[in-house]
Amino acid sequence: MKKRILMILSLLLLTACADKEQYEKAVLEQVKKEQEGEGAKSYKIDQERMTRCVVDSTSKNMPGAFPFDPDRLTAYRNYTKMLTLTQSKDPKKTMEELQKDFGSPKALSDAHNNFADSMMNCYSAMEIE
């Protein structure tokens, strides 16, 4: 019985790490896009550090009480899907799925605002340093 519980917890942990890593990849891609933009070229911010800041900041406002909470894992997947919307073969369908996944259009909007606020806060924090 103990071995079974340990195996289940191990699988959950592996899944959790994979979901968070996918989200971190999506955030890193967004950071790269931002820094390639005309206005962001003046920022000399380490992309990896910026990514960690944004992931930490957005995570604070995601559902779930702790990092491996099933609600948090779902949030990581949903945020990743939100950030990769433009890569979708059918963005309209993906947008409808996102609204359903987040629970409502307002919840999706709140998630997008959480991400955007985190980006701006991290830029501000790193610019000061």
Side-chain angles (χ1 to χ4, degrees):
M1 181 68 171
K2 288 181 183 179
K3 287 183 182 181
R4 181 178 275 169
I5 292 173
L6 184 59
M7 286 177 48
I8 291 171
L9 288 175
S10 296
L11 287 172
L12 179 64
L13 184 62
L14 288 173
T15 302
C17 290
D19 290 338
K20 187 174 182 183
E21 285 177 15
Q22 289 299 318
Y23 177 56
E24 288 172 349
K25 275 184 172 180
V27 171
L28 180 59
E29 289 304 312
Q30 289 296 315
V31 168
K32 287 178 180 179
K33 283 181 191 176
E34 284 283 324
Q35 289 186 344
E36 290 171 1
E38 192 62 35
K41 286 184 180 177
S42 61
Y43 293 115
K44 300 208 184 325
I45 295 172
D46 180 70
Q47 294 175 347
E48 301 289 331
R49 206 166 137 231
M50 178 70 175
T51 298
R52 282 190 305 274
C53 178
V54 173
V55 169
D56 290 344
S57 180
T58 55
S59 295
K60 290 176 186 173
N61 293 315
M62 285 181 181
F66 54 92
F68 301 116
D69 183 319
D71 290 337
R72 177 71 54 89
L73 303 180
T74 300
Y76 284 139
R77 277 183 242 126
N78 291 342
Y79 271 67
T80 301
K81 191 174 184 179
M82 177 182 72
L83 294 178
T84 58
L85 175 65
T86 59
Q87 299 167 8
S88 172
K89 292 179 182 174
D90 187 355
K92 183 178 179 184
K93 181 181 177 194
T94 304
M95 179 63 83
E96 291 168 359
E97 290 172 1
L98 280 168
Q99 291 174 356
K100 182 181 174 198
D101 292 343
F102 277 98
S104 71
K106 182 185 181 326
L108 173 58
S109 177
D110 290 345
H112 188 271
N113 288 338
N114 179 32
F115 177 77
D117 289 347
S118 293
M119 287 284 283
M120 295 310 297
N121 290 337
C122 289
Y123 270 123
S124 296
M126 291 189 187
E127 187 177 336
I128 293 170
E129 294 175 355

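Scored by the side chain to side chain contact (heavy atoms under 4.5 Å, CB included) test, Q99 finds M95, P105, L108 as partners (sequence neighbours excluded). The side chain to side chain donor-acceptor pair (under 3.5 Å) test applied to D71 returns no partner, not counting sequence neighbours. Under the rule for a side chain to side chain contact (heavy atoms under 4.5 Å, CB included), the partners of T86 that lie at least two apart in sequence or sit in another chain are K33. Taking the side chain to side chain donor-acceptor pair (under 3.5 Å) definition, one finds that T74 meets it with nothing, sequence neighbours left out. With sequence neighbours excluded, no residue forms a side chain to side chain donor-acceptor pair (under 3.5 Å) with K89. With sequence neighbours excluded, the residues that form a side chain to side chain contact (heavy atoms under 4.5 Å, CB included) with T84 are A26, Q87. In this view, E29 satisfies the side chain to side chain donor-acceptor pair (under 3.5 Å) rule with no residue, not counting sequence neighbours. Among residues two or more places apart in sequence or in another chain, the side chain to side chain contact (heavy atoms under 4.5 Å, CB included) test is passed with D46 by E48, R49.
Going from atom CG of D90 over to atom CD of E97 covers 8.0 Å, rounded to the nearest 0.5 Å. Here the straight-line distance linking atom CG of N113 with atom CE of M120 works out to 13.0 Å at 0.5 Å rounding. For the atom pair CZ (R52) and CG (L28), the distance works out to 10.5 Å, reported to the nearest 0.5 Å. Here the CG-OG1 distance, from D56 to T51, works out to 10.5 Å after rounding to the nearest 0.5 Å.
Looking at K106 and D110, a side-chain N of the basic residue comes within less than 4.0 Å of a carboxylate O on the acidic one, giving a salt bridge.
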(request) Please lay out, stage by stage, how K60 and N114 fare under the test side chain to side chain contact (heavy atoms under 4.5 Å, CB included). (result) CA-CA 10 Å; K60 290 176 186 173; N114 179 32; over 6 Å; no
(request) List the steps, then state whether side chain to side chain contact (heavy atoms under 4.5 Å, CB included) holds for D101 with M82. (result) CA-CA 10 Å; D101 292 343; M82 177 182 72; over 6 Å; no
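M62 approaches A75 most closely through the heavy-atom pair SD-CB, 3.9 Å. Shown here for K81 and T94, the closest heavy-atom pair between the two residues is CE-CG2, 4.0 Å. The minimum heavy-atom distance linking L83 with Q30 is given by the pair O-NE2, 3.3 Å. Summarising the geometry of E24 relative to V55, their closest heavy-atom pair is CG-CG2, 3.7 Å, with the distance given to 0.1 Å.
Listed by first then second residue, pairs satisfying disulfide bond (SG atoms under 2.5 Å apart) with a partner in residues 57-108 number zero, not counting sequence neighbours. Here salt bridge (charged side-chain N to carboxylate O under 4.0 Å, His left out) pairs that include residues 112-122, with residues two or more places apart or in two chains, number zero. Among residue pairs with one or both ends in residues 52-81, those qualifying as disulfide bond (SG atoms under 2.5 Å apart) are C53-C122; sequence neighbours excluded. Identified under the ring-ring contact (aromatic ring centres under 6.0 Å, His included) test for residues 77-102, with sequence neighbours left out: Y23-Y79, Y79-F102.
Follow the hydrophobic side-chain contacts under 4.5 Å out from V27 and you reach M126 in the same cluster.
In this structure the side chain of M119 reaches within 4.5 angstrom of the side chain of V31, judged on heavy atoms. For the pair M50 and V54, the minimum side-chain heavy-atom distance is below 4.5 Å.
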